[in-house]
Number of protein chains: 2
Amino acid sequence: MNFQERKKKILAALDDTESLSVFELAEILEASPATIRRDLGDIAEEGLLIRTHGGAMKMENPVLTGFSEKSGVNNPTKEQIAEKAAAYVQDGDIIFLDCGSTVFQMCRFLKKKSIRVITNSLPILAELIDVPSIQINLIGGELNKARKAIHGDKAVQHINGYHAHKAFIGVDGLSAENGLTAHSEHESTITTAFIRNAGQVMLLCDASKIGKDSYVKFAELSAIHTLITDADAARTAALRQNGLNVEIAG
Amino acid sequence: MNFQERKKKILAALDDTESLSVFELAEILEASPATIRRDLGDIAEEGLLIRTHGGAMKMENPVLTGFSEKSGVNNPTKEQIAEKAAAYVQDGDIIFLDCGSTVFQMCRFLKKKSIRVITNSLPILAELIDVPSIQINLIGGELNKARKAIHGDKAVQHINGYHAHKAFIGVDGLSAENGLTAHSEHESTITTAFIRNAGQVMLLCDASKIGKDSYVKFAELSAIHTLITDADAARTAALRQNGLNVEIAG
DNA sequence: TTACTTTTGATCAAAAATAATCAAAATTGA
DNA sequence: TCAATTTTGATTATTTTTGATCAAAAGTAA
């Protein structure tokens, strides 16, 4: 077994269990601890996991690898949310698509529509470029290589030059108290611009992010027209009491 | 069995199983390991699979790497022009890169430089995205799928928001009488914007286009600082008489 | 703190895979 | 047809990867 294969398996194993020891991984992969240590060091350097003494921990927000955006593939929950969200899109619509794995999953459900997509996400661009019925408007600006997306002032200016019927966005945290929160300023400014320039804003958000707060607080709950989530009624009760329209997928 | 057939079978085999060893492939294709290695090297260079020690892995999403331009690869003339042009680029430069196959060829000669690239070309984006020393600013606007480039008013506005030390551009026709000409309005407006906002303009142009005129006349000869071409002295005489600085590659 | 255990990183030799070279075979073009 | 070119497969030298060993560093417990 070579490094690439082991890397894949290590990341898959860490996706299930939060953390693993060097020896556990050595047994799973049938390799020596020395090899595992070398692998973990290399993978940690890529930012795909967190190295600990004695093993490794899952990285909560892994840098997207390649343009594949694997996280979410084979994730039935994200797929269900994405499918539900895509159902809101009608032929003739002009839509904003945010970067993020759940929004990315919408692509496969959009391919039969005749729409115009405005996005800052390279994975979405790559996924939709071969669809003849979809026109793409790419947001310009500084390329964030790690996130495979365009960020920065220029990008916000670009978005401000357009109005879309609907925006499909993601967040890192959502709560009745703090509204929408994100890990980074860069992402939140883009998402804010989408919200400002769209007629209707759909927030795609899996249950794990509801009730959690992240670093940057960037929008009120009232900015959102519909939350599409897999979370059950109990979990979204507080949000609904604040007037948020919630659609449960799955 | 020839290379094209084996390539097809290798990619098909990798579609089923995530990864295969050189020896497994050698058995499947009834070829020697040496041949398989050569094939894998070539296919990996196209970006259609990932080469590993001992074999190859399936490429998750070859779409963006599929942007990678093929025309011009194995074209020694274009390569020579591109190499000469790349020699004008210094560390710290901010450069505009136009779309077009000759300019695209510059990428391989730019990978060791520390520069900032502003471009509307997706193949260039795909080629340079993994180079840590190069920062990319992507020009936003309408995506022209056929040309794998961004065009339109928004793109021109975007370019007008920047100033670069150097612009590397292409044309469809170049003559002493009519200056720079292009096939399409869309491309010419972008190229014009590059010219307007760059300190120095380098025109990359192979001999076949010199003395020819195309449809849209979009810039005077005087807009160009240096023409880099493979054409001989006789062919460029008229241009030089009009004050154009000509650098002959090869 | 100190003693003890665990983990790590460096080094090295063995094994595996590769790149380079070259002659034979196949293909191509005149 | 024959010569020239390209492709292939075998051989060999080089590189990469691996697992073992061991001293140093980090963590743990008294």
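Note: hydrogens, waters and symmetry copies are ignored here, and every other heavy atom, side chains too, is used. Proteins get letters first, then strands, A, B, ... in listed order; numbering begins at 1 in each.
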**Report entry** NZ (B/K9) with more than 12 external heavy atoms under 6.0 Å
**Finding:** no
Report task. Specify the residue among A/I36 and B/N2 whose closest nucleotide of DNA chain D lies further upstream toward the 5′ end. Result -> B/N2
Requested in this report: For B/S21, answer base if it contacts any base atom (sugar-phosphate contacts may also be present), sugar-phosphate if it contacts only those atoms, and nothing otherwise; contact means non-hydrogen atoms under 4.0 Å.
Outcome: nothing
Query raised in the report: For A/H53 and C/dT7, is the shortest distance between a side-chain N/O and OP1 or OP2 below 4.0 Å?
Result: no
Query raised in the report: Between C/dA17 atom P and A/F3 atom CZ, what is the distance in whole Å?
Result: 17 Å
Report task. Would you indicate, yes or no, if C/dA10 has its OP1 or OP2 atom less than 4.0 angstrom from a side-chain nitrogen or oxygen of A/R37? Result -> no
Requested in this report: Determine to 10° how strongly the helix from C/dT1-D/dA30 to C/dA30-D/dT1 is bent, judged from the axes of its five-pair ends.
Outcome: 50°
Query raised in the report: Would you say D/dT8 has OP1 or OP2 under 4.0 Å from some side-chain N or O of B/S32?
Result: no
Query raised in the report: B/R6 has an atom CZ; how far is it from atom C1' of D/dG9, in whole Å?
Result: 11 Å
Requested in this report: Evaluate side chain to side chain donor-acceptor pair (under 3.5 Å) for B/T35 paired with B/S32, printing each intermediate quantity in order.
Outcome: CA-CA 5 Å; B/T35 302; B/S32 74; 3.2 Å; yes
Requested in this report: Report yes if at least one side-chain N or O of B/T35 is closer than 4.0 Å to OP1 or OP2 of D/dG9; otherwise report no.
Outcome: yes
Query raised in the report: Among C/dT8, D/dG19, C/dT18, which nucleotide sits nearest the side chain of B/R51?
Result: C/dT18
Query raised in the report: Within this structure, what is the CZ-to-C1' distance between A/F23 and C/dT5, rounded to whole angstrom?
Result: 12 Å
Report task. Could you tell me whether the side chain of B/R38 has a donor or acceptor atom within less than 3.5 Å of a complementary atom in the base of D/dG9? Result -> yes
**Report entry** Spacing of A/E30 atom CD relative to D/dG19 atom C1', expressed in whole Å
**Finding:** 15 Å
Query raised in the report: Above 12 or not: heavy atoms from other molecules or residues under 6.0 Å from NE2 of B/H225?
Result: yes
Query raised in the report: Tell me: CD of A/Q4 to C1' of D/dT17, nearest whole Å?
Result: 13 Å
Query raised in the report: Can we say A/K154 and A/E142 salt-bridge, meaning some charged N sits less than 4.0 Å from an Asp/Glu carboxylate O?
Result: no
Report task. Mind calculating the distance between CG (A/L40) and P (C/dG9) to the nearest angstrom? Result -> 10 Å
Report task. Kindly say whether A/S175 contributes a backbone atom to a donor-acceptor pair with the side chain of A/N178 at under 3.5 angstrom? Result -> no
Report task. Report the nucleotide, chosen from D/dG19, C/dT7, D/dG9, that has the shortest atom-to-atom distance to any side-chain atom of A/A31. Result -> D/dG19
**Report entry** side-chain hydrogen bond (donor to acceptor under 3.5 Å, both in side chains), paired with B/S19, selected from A/K8, A/E5, A/Q4
**Finding:** A/E5
Report task. Would you indicate whether B/F3, at its atom CZ, is surrounded by more than 12 heavy atoms from other residues, nucleotides or ligands within a distance under 6.0 Å? Result -> yes
